[in-house]
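The structure appears right after this line, and notes come after that.
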Amino acid sequence: MGRKKIALIGGGQIGGVLAQVAMQRELGDVVLYDVVEGLPQGKCLDIWEAMPVVGSDARGNGTNDYRGIAGADVVMITAGIPRKPGMSRDDLLKTNLGIMKTVAENVRQHAPKAFTIVVSNPLDIMVYAFQRMSGLPTHMVCGMAGVLDSARFRAFAAEAVGVSVEDVTAMVLGGHGDTMVPLTRFCTINGVPIEHFLAPETIKTIVERTQQAGGEVVALLKTGSAFVSPALSALEMAEAYLHDKKRVMTCAAYCDGEYGVKGYYIGVPAVLGENGVERIIELPLDADEKSLFQHSVDHVKKMIDEISW
Ligand code: A3D
C-alpha cells in the first residue's frame with residue numbers, strides 16, 4: 001500500500017505551503033498543478049530536497065499537465081487570479097469562474113473519487129461552482145473557511161484570556177466574508193464559556209477583529225493575502241478525511257434543508273471522515289444568531305443567483 005496522493009490545483013502562495021506541510025507531515029505524495037510553467041516544478045523540487053532534513057519520504061511533483069493528478073485521494077483548489085487594477089469584481093468573478101470550470105472538468109475526468117476542498121475566493125461561490133460544474137457528489141466537495149475563521153477567533157481569545165490556544169474552541173458559521181457569524185455562545189475555554197473570562201466589550205472586539213482578520217493581513221502584506229493560516233486550515237480538513245477522524249469542523253458544506261438552507265454551500269459545523277462531509281450538525285441557534293446566519297446565507301444566495309450559469 002503506497003502513500004495517499006494529494007493533488008493541489010494552484011501553486012501560488014497557499015499551494016506552496018500546502019505542498020510543503022503535506023509532505024513534511026507525510027500526509028501523502030503531492031502533485032502540484034499550475035498553469036505557470038516551471039513554478040510548480042520548482043517549488044516541489046525545493047520542498048522535496050528539504051525532506052531529508054525533516055525526515056519525510058513523501059514525494060512531490062510539479063506539473064502543468066492535468067494527467068498528473070490522476071487517481072488523487074484529496075484535491076485542494078487554490079487556483080485563481082487576484083483582482084488587477086481597473087478590473088471590476090464582476091470581471092474577476094467571471095475570470096475565476098472560467099478557471100474553476102476547467103479545474104472542475106479535469107478533476108471529474110482525472111480524480112473523480114477525490115475528496116475536494118476548495119479554497120479559492122469568493123469561497124462560497126467557488127465551492128458551489130466547482131460542485132455544479134464537476135457534478136461530483138456534494139458530500140465529497142466542501143470549502144475551507146470556517147476552520148481558518150475559527151482559528152483566528154481562537155488565537156485572539158487565547159491571547160485575551162491568557163491561556164493556551166489548544167484550550168480554546170470556537171465556531172464561526174455563515175459565509176466567508178464580512179457577514180460571517182462568530183458564535184460567541186459556543187466559544188469555550190476547555191468547556192467553560194468565554195463569557196466567564198472576558199467582558200462583553202472585549203468579546204465584541206475579538207468578534208470584529210475575526211471578521212476583518214483577512215483584511216488586516218492584506219493591509220500589511222500589500223501584495224497578497226494570508227497564506228499560511230489558510231493552508232494549515234485546509235490541511236486539517238484533508239487529514240480528517242484521510243485518517244477518518246470524524247472531526248467536527250466548520251466548513252462550507254452543501255446543505256439540503258439543514259439550517260433552512262436548501263441547495264447551497266454555507267459555513268456550518270460538520271463531521272469530516274472517510275466519507276467526506278458525513279453529516280451536518282444543527283446547533284440550536286437563538287433568534288439573534290439565526291438572523292445573522294440568515295443574513296449571511298441571503299448574501300451568498302444573492303451572489304450565486306446573479307450569475308448566468
Ligand atoms: P496566488 O499566490 O495568486 O496563487 C494562485 C495560483 O493560481 C497562481 O500560482 C496562479 O498561477 C494559479 N492559477 C491561475 N490560473 C490557473 C488555472 N487556470 N489553473 C490552475 N492554476 C491557476 O494566490 P494564493 O495562493 O494567495 O490564494 C489562492 C486563493 O485562495 C485566492 O483565490 C485567495 O483569494 C483565496 N484565499 C482564500 C482564503 C479563505 O479563507 C477561503 C484565505 C486566503 C486566500
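Numbering of residues begins at 1 and proceeds along the displayed sequence. Indexing begins at 1, ligand by ligand and atom by atom, following the structure's order.
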Inset, instruction - Would you indicate which of G98, G80, A145, G143 comes nearest to atom 13 (N) of ligand 1 when only heavy atoms are counted? - result: G80

Inset, instruction - With heavy atoms only and a cut-off of under 4.0 Å, state how A226 meets ligand 1: side chain, backbone, both or neither. - result: backbone

Inset, instruction - Would you mind telling me which of K4, K5, R3 makes a salt bridge (charged side-chain N to carboxylate O under 4.0 Å, His left out) with D29? - result: R3

Inset, instruction - Could you tell me whether G12 and ligand 1 have an N or O pair separated by under 3.5 Å? - result: yes

Legend entry - Nearest neighbour in protein (non-hydrogen) for atom 42 (C) of ligand 1: P230 CG, 3.6 Å

Legend entry - Mode of H176 contact toward ligand 1 - side chain, backbone, both, neither (heavy atoms, under 4.0 Å): side chain

Inset, instruction - Could you tell me the residue and atom name of the protein heavy atom closest to atom 9 (O) of ligand 1, and the distance to it rounded to 0.1 Å? - result: D34 OD2, 2.7 Å

Inset, instruction - Please verify whether a non-hydrogen atom of V103 lies at under 4.0 Å from ligand 1. - result: no

Inset, instruction - Have a look at ligand 1 and work out which part of N121, if any, has a heavy atom under 4.0 Å from it: side chain, backbone, both or neither. - result: both

Inset, instruction - With heavy atoms of L39 as the reference, note each atom of ligand 1 found under 4.0 Å away. - result: 9 (O)

Legend entry - N or O pair under 3.5 Å between S225 and ligand 1: no

Legend entry - Proximal atoms of ligand 1 relative to V36 (non-hydrogen, under 4.0 Å): 11 (O)

Inset, instruction - Considering the heavy atoms of L123, write down every atom of ligand 1 situated less than 4.0 Å from one of them. - result: 41 (C)

Legend entry - D149 versus H176, side-chain donor and acceptor atoms under 3.5 Å: yes

Legend entry - same_hphob_cluster(I77, M126) at 4.5 Å side-chain heavy-atom cutoff: yes

Legend entry - Of the listed options V119, I99, V217, closest to atom 30 (O) of ligand 1 (non-hydrogen atoms): V119

Inset, instruction - Identify the protein heavy atom lying closest to atom 3 (O) of ligand 1, giving its residue, its atom name and the separation to 0.1 Å. - result: P82 CD, 4.3 Å

Inset, instruction - Flag yes if L123 and V75 sit in one hydrophobic cluster, no otherwise; membership is Ile, Leu, Val, Met, Phe, Trp, Tyr, and two members link when side-chain heavy atoms are under 4.5 Å apart. - result: yes

Inset, instruction - Not counting sequence neighbours, which residues clear side-chain contact (heavy atoms from CB on, under 4.5 Å) with Q109? List them please. - result: N106

Legend entry - Y254 and V277, any side-chain heavy atoms less than 4.5 Å apart: no

Legend entry - Candidate pair F130 and L136, rule side-chain contact (heavy atoms from CB on, under 4.5 Å), full reasoning: CA-CA 9 Å; F130 174 85; L136 293 178; 4.2 Å; yes

Inset, instruction - Identify, for atom 21 (N) of ligand 1, the protein heavy atom at the shortest distance, and state residue, atom and that distance. - result: A79 CB, 3.4 Å

Inset, instruction - Could you give me the CA-CA distance, side-chain angles and deciding distance for N61 and C44, then say whether side-chain contact (heavy atoms from CB on, under 4.5 Å) is met? - result: CA-CA 6 Å; N61 279 308; C44 278; 5.6 Å; no

Inset, instruction - Kindly identify the option in I14, L8, T102 whose heavy atom sits closest to atom 27 (O) of ligand 1. - result: I14

Inset, instruction - Give yes if a backbone or side-chain nitrogen or oxygen of Y33 is under 3.5 Å from a nitrogen or oxygen of ligand 1, and no if not. - result: no

Inset, instruction - Tell me which protein heavy atom sits closest to atom 29 (C) of ligand 1, plus the residue, atom name and distance to 0.1 Å. - result: T78 O, 3.5 Å

Legend entry - ligand 1 atoms in contact with L148 (distance to a heavy atom under 4.0 Å): 40 (O)

Legend entry - Test item: N64 side-chain N/O and V36 main-chain N/O as donor-acceptor pair under 3.5 Å: yes

Legend entry - Heavy-atom nearest neighbour in the protein, as seen from atom 16 (C) of ligand 1, with distance rounded to 0.1 Å: V35 CG2, 3.6 Å

Inset, instruction - Check the pair V141, Y265 against side-chain contact (heavy atoms from CB on, under 4.5 Å), reporting the backbone distance first and the verdict last. - result: CA-CA 10 Å; V141 175; Y265 275 85; 3.4 Å; yes

Legend entry - atom 26 (O) of ligand 1: nearest protein contact (heavy atom, Å): Q13 CB, 3.5 Å

Legend entry - H243 atom NE2, neighbour heavy-atom count above 12 within 6.0 Å: yes

Inset, instruction - Inspect the surroundings of NZ in K246 and state if more than 12 heavy atoms from other residues, nucleotides or ligands are less than 6.0 Å away. - result: yes

Legend entry - Set of residues satisfying ring pair (Phe, Tyr, Trp, His ring centres under 6.0 Å) with respect to Y128, sequence neighbours excluded: Y264, W309

